[in-house]
Undergrad: 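This structure is in structure tokens; I'll ask about it shortly.
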Amino acid sequence: MTTGEIAELLNGKITGNANLEINSIGKIENAKPDQITFISNPLYEKYYGSTNAGAVLVSKDFKINNIRKEVTLIRVSDPYLSFLELIEKFDNENEEIETGISAQTSIADNVRLGDDIFIDDFVKIGKNSIIGENSKIYSNVTIDKNVLIGKNCIIYPNTVIFKNSNIGDNVIIHSGAVIGGDGFGQAKGEDGKYIKIPQKGSVKIDDDVEIGSNTNIDRATIGETIISRGVKIDNQVQIAHNVEIGEDTVIAAQTGIAGSTKIGKNCMIGGKVGIVGHIKICDNVIIGAATNISKSIDTPGIYTGYRGKPHRDDLKIEANLKKFLESN
Amino acid sequence: MTTGEIAELLNGKITGNANLEINSIGKIENAKPDQITFISNPLYEKYYGSTNAGAVLVSKDFKINNIRKEVTLIRVSDPYLSFLELIEKFDNENEEIETGISAQTSIADNVRLGDDIFIDDFVKIGKNSIIGENSKIYSNVTIDKNVLIGKNCIIYPNTVIFKNSNIGDNVIIHSGAVIGGDGFGQAKGEDGKYIKIPQKGSVKIDDDVEIGSNTNIDRATIGETIISRGVKIDNQVQIAHNVEIGEDTVIAAQTGIAGSTKIGKNCMIGGKVGIVGHIKICDNVIIGAATNISKSIDTPGIYTGYRGKPHRDDLKIEANLKKFLESN
Amino acid sequence: MTTGEIAELLNGKITGNANLEINSIGKIENAKPDQITFISNPLYEKYYGSTNAGAVLVSKDFKINNIRKEVTLIRVSDPYLSFLELIEKFDNENEEIETGISAQTSIADNVRLGDDIFIDDFVKIGKNSIIGENSKIYSNVTIDKNVLIGKNCIIYPNTVIFKNSNIGDNVIIHSGAVIGGDGFGQAKGEDGKYIKIPQKGSVKIDDDVEIGSNTNIDRATIGETIISRGVKIDNQVQIAHNVEIGEDTVIAAQTGIAGSTKIGKNCMIGGKVGIVGHIKICDNVIIGAATNISKSIDTPGIYTGYRGKPHRDDLKIEANLKKFLESN
């Protein structure tokens with residue numbers, strides 16, 4: 001593919017050689033002359049002077065001091081999104097399409113499987129479960145009974161999905177995730193010993209959700225734990241029983257959300273965040289990494305600090321503390 | 001089941017219609033007229049005025065301002081515990097009892113299996129292991145050699161239990177848990193490279209323990225890592241080698257306990273707590289969520305804060321800091 | 001084995017009975033007369049007076065006030081390392097060597113397997129993968145296509161290793177670990193919905209690395225996530241895409257390292273540490289447990305505190321705060 005063809009594909013404007021043959025993509029630090037790379041983050045602009053890439057995707061207003069003839073620029077409105085598009089184009093792996101059902105599986109008689117499905121080795125699927133067309137279930141996955149999985153889903157190896165879970169279309173669940181395990185409910189009896197609270201609800205995961213490796217989403221005690229459309233969850237996240245997460249919210253790794261808490265739409269929750277149970281976080285809240293939230297939040301904005309506060313207050317506390325401590 | 005029959009079952013006192021037919025349980029916010037729900041937490045009392053539930057379990061001293069004829073009340077001493085009892089009654093799933101041994105397993109010749117056992121597909125059990133009557137081992141579980149599992153245990157899918165583990169009766173282990181993996185022991189050699197310290201001990205889990213999904217309990221270097229009777233552990237908890245946890249202690253999700261630490265009885269450890277190695281926590285200690293403990297605790301009470309302190313001191317620090325910062 | 005033979009083996013100097021028969025190893029608190037134990041940490045010297053061990057490994061300058069005739073001492077230069085050597089000697093399990101390939105596996109036709117390999121039940125290995133001699137792959141492991149695993153590796157049950165991963169010699173991967181899962185990359189589109197960023201890179205793990213249970217190491221977006229020779233990683237650690245970790249660095253449990261961060265050699269990172277993405281940590285840095293690092297570190301030393309600071313500064317802040325609060 002030539003730089004000219006790439007510029008046309010991405011609706012970009014070319015500066016330099018339009019006939020350069022590009023064979024793959026690369027990182028700006030170590031790309032080769034037959035590769036294309038991109039500059040989106042200003043921190044990476046410094047590499048323009050030294051990159052060996054044959055071509056670079058840059059923004060429309062990218063400024064250059066020293067013109068390098070050997071580097072062809074393609075100006076686009078969003079270099080990063082354009083680069084993502086190219087990644088798919090240049091994916092040379094020629095992935096063959098995996099379909100069919102392995103002979104080494106255990107699929108209950110009345111399971112319903114859609115067309116063009118792939119079921120890998122050592123998968124177990126319990127009775128009454130339904131899996132939509134074009135979904136892929138990889139090796140060593142357990143799908144319990146009465147589970148509904150939509151179309152175009154990918155369930156990676158060693159995942160467990162418990163009974164009555166209801167999973168939409170285009171959902172990706174990464175390895176080692178556990179969906180619909182018992183919530184942690186223990187009632188203290190009169191003798192001081194704990195009695196297990198039966199967990200009789202289920203998990204509902206809407207369309208376009210991605211769930212990271214070794215992440216847990218517990219079933220509700222009664223009712224549903226709800227992960228709404230477009231939610232993206234990273235690895236090692238703990239979502240307790242009866243939690244509800246609103247559309248297009250993203251949650252980074254190692255965050256934990258305790259039981260019955262409701263989180264709004266379009267929130268961004270950093271890594272290692274802790275959120276107590278039975279509170280509400282409104283829409284459009286950003287929570288910084290390693291922040292703990294113990295009260296409901298009803299104002300959009302950024303919250304940070306060990307005891308999560310509005311970010312401005314948190315910065316002020318840090319500055320005041322610093323001033324005080326330096327004067328002592 | 002009628003409200004009258006329920007009241008009799010729970011030894012409760014009825015106010016309203018004793019002949020109302022109740023078919024299932026529900027949450028107070030969205031229960032239907034043929035459902036029963038409960039009010040235990042005062043925060044939920046506000047729903048009394050609007051619930052569509054046919055019946056509500058309430059405490060003996062529950063006060064109502066506006067009597068609603070369409071809602072039958074059943075007064076009991078502990079509405080929550082009574083509700084748990086009802087959950088089991090109304091569990092309409094009619095779970096068939098799973099027993100038998102799948103043909104798609106790998107069970108060593110001299111494994112001993114109790115009566116009424118269930119072993120699901122793709123389970124591997126190593127030699128000399130013993131599993132007690134009425135226990136259930138679900139799909140894709142690996143049980144290593146010389147493992148002892150008691151009666152009435154449930155081992156959920158994709159769990160791994162390593163050699164020489166000794167597990168009591170009525171133990172529940174959730175999916176993805178790893179019991180008896182090597183402790184993390186690395187000795188620095190003279191050349192600066194680490195030498196793996198052999199982990200030759202084992203894990204002992206007593207009766208009535210519950211262990212959450214993707215939780216790890218490492219084997220001892222020498223001797224045993226001990227989880228005592230009645231301990232309840234949530235998801236994604238890390239218990240290092242040679243840790244000992246006393247009876248009826250509960251540990252919430254994402255907590256980590258470093259090597260050789262001993263924790264007493266009846267402790268409550270919140271989520272995301274970190275406890276360093278080689279210390280002792282006495283009985284009846286409560287540790288708040290996201291608290292870090294770096295020294296032994298020998299006085300029962302509540303401990304909170306980034307650098308875990310007695311809760312009263314922690315609150316005072318917060319208050320003083322606030323006062324100071326507001327005056328600056 | 002007699003105490004005399006042990007002294008000879010360890011190049012130690014004996015005080016006491018050189019003909020005592022020792023049958024196994026024990027912990028100093030509960031060792032028996034036919035066992036040998038050790039004292040390395042001064043905190044354990046107090047047990048010398050009461051141990052029932054027949055023999056104790058001690059350092060060359062170990063001082064005793066009350067000589068106990070029934071306890072034979074063997075003086076060595078490093079009692080701990082000598083004890084590790086003995087652990088292996090006294091390992092009475094007589095582990096038979098596991099080799100061979102189970103019939104209940106799914107191994108693609110063109111997989112190449114070295115000599116003396118062990119492949120356990122319900123293992124899946126994808127096409128073009130290569131596994132070196134003397135490596136062991138335990139039950140329910142999934143190895144994707146184009147994976148390269150070196151010699152003498154141990155891959156414990158229920159681990160997943162994704163395509164194109166490149167793993168060196170003498171690597172140990174514990175149960176439930178996921179190597180090469182997709183990095184967490186989500187680009188926000190103009191409609192506010194997230195677009196998954198394709199993760200096309202891979203994971204490279206060099207020789208002598210150990211990786212804990214339920215730990216995740218994500219594949220790079222482009223290029224490689226790199227774990228260098230001799231790195232030791234504990235359980236439940238999250239290593240995001242494009243992270244690089246230098247030689248002989250150790251990382252304790254529940255730590256998370258965000259995308260593209262580079263960590264130097266010989267670092268020691270405590271448990272529950274959080275490190276943001278796109279920063280650099282230089283060689284020889286020690287980060288205390290539960291510390292969060294949000295900026296690059298270019299000076300070796302110890303860093304601690306919720307907002308990671310040089311340890312000296314952190315201690316000063318704590319002391320000043322204490323002083324201030326006590327005076328208020």
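Since we're looking at a predicted model, the values are computed, not measured. Hydrogens, waters and symmetry mates are skipped; everything else that's a heavy atom, side chains included, is used. So you know, we letter chains A, B, ... as the sequences are listed, proteins then strands, and number each from 1.
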Undergrad: Quick one: what part of C:Tyr306 sits under 4.5 Å from any heavy atom of chain A, side chain, backbone, both or neither?
TA: side chain
Undergrad: Please determine, among A:Val250, A:Leu81, A:Asn266, the option with the most heavy-atom pairs under 4.5 Å with chain C.
TA: A:Val250
Undergrad: State plainly whether the residues A:Asp208 and C:Lys193 are in salt-bridge range, i.e. N to O under 4.0 Å.
TA: no
Undergrad: Examine whether an atom of C:Thr255 lies under 4.5 Å from a heavy atom of chain A, and if so say whether it belongs to the side chain, the backbone or both; otherwise answer neither.
TA: backbone
Undergrad: Is the number of heavy atoms from other residues, nucleotides or ligands within 6.0 Å of CG (A:Asn41) greater than 12?
TA: yes
Undergrad: Need one label for A:Ile154: side chain, backbone, both or neither, based on atoms under 4.5 Å from any heavy atom in chain C.
TA: neither
Undergrad: Between chain C and each of A:Leu43, A:Asp120, A:Asn30, count heavy-atom pairs under 4.5 Å; write down the option with the most.
TA: A:Asp120
Undergrad: For A:Tyr80, which atoms come within 4.5 Å of any heavy atom of chain C: side chain, backbone, both, or neither?
TA: side chain
Undergrad: Pick one of side chain, backbone, both or neither for A:Asp78, based on which atoms fall under 4.5 Å of a heavy atom in chain C.
TA: neither
Undergrad: Show the nearest heavy-atom pair for residues C:Asn158 and A:Asn158, with the distance to one decimal.
TA: O-ND2, 3.0 Å
Undergrad: Check C:Asp182 against A:Tyr156 and note the closest heavy-atom contact, atom names and distance.
TA: OD2-OH, 4.4 Å
Undergrad: Considering all heavy atoms of both residues, which atom of A:Ile87 and which atom of C:Lys200 are nearest to each other, and what is their separation?
TA: CG2-CG, 3.3 Å
Undergrad: Should we count NZ of C:Lys196 as having more than 12 external heavy atoms under 6.0 Å?
TA: yes
Undergrad: Which answer fits C:Asn242, side chain, backbone, both or neither, if we ask what part of it has an atom under 4.5 Å from a heavy atom of chain A?
TA: side chain
Undergrad: Which atom names give the shortest non-hydrogen contact between A:Gln236 and C:Asn214, and what distance separates them?
TA: NE2-O, 3.3 Å
Undergrad: Could you check whether C:Thr142 and A:Asn140, counting side-chain N and O atoms only, form a donor-acceptor pair closer than 3.5 Å?
TA: yes
Undergrad: By a 4.5 Å heavy-atom criterion (distance strictly below it), what part of C:Gln238 contacts chain A: side chain, backbone, both, or neither?
TA: both
Undergrad: So which heavy atom on C:Gln104 is nearest to which on A:Phe122, and how close?
TA: O-CZ, 3.8 Å
Undergrad: Given that the side chain runs from C-beta out, which part of A:Ala290 has a heavy atom under 4.5 Å from chain C: side chain, backbone, both or neither?
TA: both
Undergrad: Measure C:Thr215 against the heavy atoms of chain A and call it side chain, backbone, both or neither at under 4.5 Å.
TA: backbone
Undergrad: Is chain C contacted by the side chain of A:Asp248, its backbone, both, or neither, given a heavy-atom distance below 4.5 Å?
TA: both
Undergrad: Between atom CD1 of C:Ile107 and atom CG of A:Asp121, what is the distance when rounded to the nearest 0.5 Å?
TA: 10.5 Å
Undergrad: Check each atom of C:Val276 against the heavy atoms of chain A and say whether the ones under 4.5 Å are side chain, backbone, both or neither.
TA: neither
Undergrad: Does atom NZ of C:Lys188 have more than 12 heavy-atom neighbours, drawn from other residues, nucleotides or ligands, at distances under 6.0 Å?
TA: yes
Undergrad: Which value, rounded to the nearest 0.5 Å, describes the distance between C:Thr221 atom OG1 and A:Leu84 atom CG?
TA: 9.5 Å
Undergrad: Given that the side chain runs from C-beta out, which part of C:Asp144 has a heavy atom under 4.5 Å from chain A: side chain, backbone, both or neither?
TA: neither
Undergrad: Show every donor-acceptor pair shorter than 3.5 Å between a side-chain atom in residues 171-178 of chain C and any protein atom, with sequence neighbours excluded, or say none if there are none.
TA:
residue: C:His174; atom: NE2; partner: C:Glu210; partner atom: OE2; Å: 2.8
residue: C:Ser175; atom: OG; partner: C:Pro157; partner atom: O; Å: 2.9

Undergrad: What part of A:Glu247 gets within 4.5 angstrom of chain C, counting heavy atoms only: side chain, backbone, both, or neither?
TA: neither
Undergrad: Tell me, please, which residues at least two apart from A:Lys232 pass salt bridge (Lys or Arg N to Asp or Glu O under 4.0 Å).
TA: none
Undergrad: Hey, what do you get for CG (A:Asp234) to CG (C:Asp218), rounding to the nearest 0.5 Å?
TA: 7.0 Å
